[in-house]
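One structure is given below, encoded as structure tokens.
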Amino acid sequence: MNQDIIRRQTFWPDGPAAAARLLEPVLAEAVGGDVEPVSLTLDYATSARAGEAVSLEAGVDRATRTLAFVYGRLLTEKGDVIATGAAVFRKITDITKTG
């Protein structure tokens with residue numbers, strides 16, 4: 001699937017699972033529409049402090065009728081990788097819309 005990469009800038013939050021809290025919504029946005037997570041895998045490279053400016057990138061690797069496979073990464077202001085992620089999302093269809 002050929003789709004543009006989504007890029008966002010934000011600040012590193014405080015608390016556990018900071019990478020997942022930032023990355024999962026951007027991965028879902030890359031898919032578009034209504035989706036629900038099936039799996040999320042994170043790999044960490046370097047650390048970041050709460051309040052530090054970070055960038056997020058996400059794109060779709062491939063998609064089927066019901067599933068989307070996406071990838072993303074979190075970067076420091078200097079461009080160093082904080083974490084990479086891969087996820088699978090299930091596309092939610094509105095069962096009231098038929099035909």
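Note: hydrogens, waters and symmetry copies are ignored here, and every other heavy atom, side chains too, is used.
Note that CD of Glu29 is 11.0 Å distant from CZ of Phe89, once rounded to the nearest 0.5 Å. Separation of atoms CG (Leu23) and CZ (Arg8) is listed at 12.5 Å; rounding is to 0.5 Å. Atom CZ of Arg7 and atom OG of Ser55 lie 9.5 Å apart (nearest 0.5 Å).
Side-chain heavy-atom separations under 4.5 angstrom define the hydrophobic clusters, and the remaining members of the one that includes Phe69 are Val38, Leu67, Val88.
Side-chain atoms of Ile82 and Thr76, non-hydrogen and from C-beta on, do get closer than 4.5 Å to each other. The side-chain heavy atoms of Thr84 and Leu42, taken from C-beta on, include no pair separated by under 4.5 Å. By the 4.5 Å heavy-atom criterion applied to side chains, Val54 and Phe11 are not counted as neighbours.
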- Verdict with supporting geometry, Tyr71 and Val60, side-chain contact (heavy atoms from CB on, under 4.5 Å): CA-CA 6 Å; Tyr71 62 90; Val60 176; 5.9 Å; no
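Taking the side-chain contact (heavy atoms from CB on, under 4.5 Å) definition, one finds that Ala58 meets it with Val26, Leu27, Ala30, sequence neighbours left out. For Pro13, the side-chain contact (heavy atoms from CB on, under 4.5 Å) criterion is met by Ala18, Arg21, Leu22, not counting sequence neighbours.
No donor-acceptor pair under 3.5 Å is formed between the side chain of Lys91 and the backbone N or O of Val31.
Applying the salt bridge (charged side-chain N to carboxylate O under 4.0 Å, His left out) test to pairs two or more places apart or on separate chains, those with a residue in residues 63-84 are Glu57-Arg73. Among residues at least two apart or in separate chains, side chain to side chain donor-acceptor pair (under 3.5 Å) pairs with a member in residues 36-48 are Glu36-Arg90.
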